[in-house]
Structure formats: structure tokens, C-alpha cells
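What follows is a short report on a single structure.
Small disclaimer: the values here were computed from a predicted structure and weren't measured. Every number for a ligand or one of its atoms is a count from 1 in the order of the listing.
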Amino acid sequence: MKTELTLEIIRERWSPYAFSKNNIEEFRLKAMFEAAGKAPSCFNEQPWMFVYTTREDESIFNSYLGFMEESNQAWAKNAYAIIIAMARTRFTHNGKVNRFALYDTGMAVANMSLQALAFDIYVHQMGGFSVEKVRKYFNLSDDVEPLTMIAAGYLGSGENLPPEILRKDEVRRPRKYLNDIAFKDRLYNPAF
Ligand SMILES: Cc1cc2nc3c(=O)[nH]c(=O)nc-3n(C[C@H](O)[C@H](O)[C@H](O)COP(=O)(O)O)c2cc1C
């Protein structure tokens with residue numbers, strides 16, 4: 001895919017496994033959540049919620065790590081912060097199911113990831129965690145859905161990572177061709 005005209009910050013984003021344990025300054029974390037909160041949403045519902053911890057509180061950090069599958073713990077344990085993205089799945093104004101809640105929350109996380117990168121902070125999202133454990137830990141009601149866990153931190157050298165994980169950072173992950181995602185007039189009619 002030709003990407004010369006794509007914004008540099010979009011081109012440069014990727015999800016690393018090698019995180020540095022260095023602190024992220026609080027004002028930068030704050031800016032990341034503020035960026036998330038600027039996302040558009042159906043009815044301006046802003047259905048997203050984020051809860052995070054940092055490695056500075058070892059006990060809570062370890063609890064969060066414990067929600068993840070072991071394959072994710074292996075590298076996420078080096079991140080500075082762990083964020084959990086959740087969505088409220090009913091509209092505030094009428095209590096009806098908001099079928100866009102997950103969609104909108106994804107846009108908020110996209111904003112967050114780009115704002116992070118503007119600070120040279122990388123995020124790596126995970127679906128590999130126990131939704132049940134998160135539900136129980138935070139005593140979530142049925143209308144709140146935990147969506148992803150997000151490791152955040154500056155890039156690290158990966159020296160403490162198993163080689164098979166570190167190798168995953170050596171090449172950027174491929175993307176489909178534009179032909180396969182953008183169509184003109186008729187579905188599957190390549191636009192470009
Ligand atoms: C919703 C979601 C769930 C993901 N789950 C995991 C995961 O459990 N473990 C993991 O290592 N990466 C996970 N990823 C990262 C993707 O594998 C990664 O974004 C994708 O391969 C594209 O790579 P890139 O982000 O480096 O461009 C997840 C990403 C998303 C958006």
C-alpha cells in the first residue's frame with residue numbers, strides 16, 4: 001500500500017513488545033486520556049471509560065497483570081502503565097442498548113494511541129485477558145463491557161524478553177492492500 005501521503009504519526013504507529021520501565025510523566029498520561037475523550041460518538045454519548053495503574057503501585061499493577069493471558073503478561077509486565085478500556089453499552093438518555101458503544105470506544109483508543117506516539121510513548125492493546133476477572137475485580141454491572149487492556153510505555157531494548165517475543169518487534173506487521181479494503185460504486189470493486 002502506498003502511504004507517502006498518510007500522516008507520519010499514523011504511519012509510524014505500531015504495537016511493540018519491548019517496553020522500557022521508565023516513568024511516563026503524569027501530564028502525558030493525562031493528555032492521552034484527554035485525546036481519547038475528544039473522539040466522536042453516537043449521540044455524543046462518550047461511552048468509553050478507562051481505568052489505569054502504573055508500575056509504581058506494585059500490588060495493583062500485579063493484579064492488572066493477573067487479568068491477562070500468560071503470553072501477554074510475559075511482555076506487558078515491562079510496561080509502565082496498564083490501561084483497561086471499557087464501554088458503557090446503554091444510552092444515558094433512554095437506557096436503550098447503544099450498538100455503537102464499542103465502535104466509539106475504539107475510536108477513543110485510536111486517538112489515545114496517536115497522542116501517545118506524539119510523546120514517543122507506545123501502546124499495545126490486548127484482547128487476551130479474562131473479561132470475567134476484570135468484571136469481578138471492578139464489580140462491573142452488565143451494561144459495562146471491558147474491551148481491551150493496553151500496555152503503555154516508552155520503547156525498551158527488550159533485553160529481558162524471551163527471544164521469540166523480541167523477534168516479533170523486528171518487522172512491522174503487514175497490511176492488506178488498498179484494493180482489498182476500499183471499493184468504488186460496488187462492493188469489492190477496487191477503488192484505486
Ligand atoms: C482489539 C485488539 C486486541 C489485541 N490483542 C492482542 C493480544 O492479546 N496480544 C498481543 O500481543 N497483541 C494484541 N493486539 C495487537 C495486534 O496484534 C496488532 O495491533 C496488529 O497485529 C497490528 O500490528 P501493529 O499494531 O503493530 O500495527 C491486539 C490489538 C487489538 C486492536
* Structure fact -> Counting from 1 in the order shown, the ligand 1 atoms closer than 4.0 Å to a non-hydrogen atom of W75 are 11 (O)
* Quick one: do Y137 and I82 end up in the same hydrophobic cluster if we chain Ile, Leu, Val, Met, Phe, Trp and Tyr together by side-chain heavy atoms under 4.5 Å apart? -> yes
* Check: L117 and E12 side chains under 4.5 Å, non-hydrogen atoms -> yes
* **Modelled atom types, side-chain donor and acceptor of N23 and E25, under 3.5 Å** => no
* Asked: Any non-hydrogen protein atom below 4.0 Å of atom 16 (C) of ligand 1?
  -> no
* Structure fact -> atom 27 (O) of ligand 1: closest protein heavy atom, distance to 0.1 Å, is R175 NH2, 2.7 Å
* Asked: Distance below 4.0 Å between atom 19 (O) of ligand 1 and any protein heavy atom?
  -> yes
* Does a donor on one side chain and an acceptor on the other come within less than 3.5 Å for T92 and E45? -> yes
* Asked: Tell me, which protein residue and heavy-atom name are nearest atom 12 (N) of ligand 1, and how many Å apart are they?
  -> H124 NE2, 2.9 Å
* Under 4.0 Å from any heavy atom of Y17, which atoms of ligand 1 are there? -> 10 (C), 11 (O), 12 (N)
* To do: Under 4.0 Å, heavy atoms only, figure out whether ligand 1 is touched by the backbone of M149, its side chain, both or neither.
  => neither
* Asked: Any donor-acceptor pair under 3.5 Å linking the side chain of R55 with the backbone of K77?
  -> yes
* Atoms of ligand 1, numbered as shown, that sit under 4.0 Å from any heavy atom of T148 -> 1 (C)
* **Residues R135, E145; criterion salt bridge (Lys or Arg N to Asp or Glu O under 4.0 Å); working and verdict** => CA-CA 8 Å; R135 286 201 164 286; E145 191 62 40; 3.2 Å; yes
* Below 4.0 angstrom from a heavy atom of N72, which ligand 1 atoms are there? Numbered from 1 as shown, please. => 7 (C), 8 (O), 9 (N), 10 (C), 11 (O)
* Structure fact -> Note: R173, heavy atoms under 4.0 Å from ligand 1, region reported as side chain
* Asked: Considering only heavy atoms, which of Q125, R172, M68 lies nearest to atom 13 (C) of ligand 1?
  -> Q125
* Should the pair Y103 and F100 be assigned to parallel (<30°), tilted (30 to 60°) or perpendicular (>60°) ring geometry? -> perpendicular
* To do: May I ask whether W75 and M149 are part of the same hydrophobic cluster, defined by side-chain heavy atoms of I, L, V, M, F, W, Y residues being less than 4.5 angstrom apart, directly or through others?
  => yes
* Structure fact -> Closest to atom 3 (C) of ligand 1 among protein heavy atoms sits G127 N, 3.3 Å
* To do: Within a distance under 4.0 Å of any heavy atom of G128, pick out the atoms of ligand 1 and give their elements.
  => 8 (O)
* **Proximal atoms of ligand 1 relative to W14 (non-hydrogen, under 4.0 Å)** => 26 (O)
* To do: Measure the distances from the heavy atoms of R13 to every atom of ligand 1 and state whether one is below 4.0 angstrom.
  => yes
* Asked: Atoms of ligand 1 less than 4.0 Å from S15 heavy atoms?
  -> 19 (O), 24 (P), 25 (O), 26 (O)
* Taking the side chain as every heavy atom from C-beta outward, state whether Y17 and L166 have any pair of such atoms under 4.5 Å apart. => no
* Asked: Quick one: are H124 and F19 in side-chain contact, heavy atoms under 4.5 Å?
  -> yes
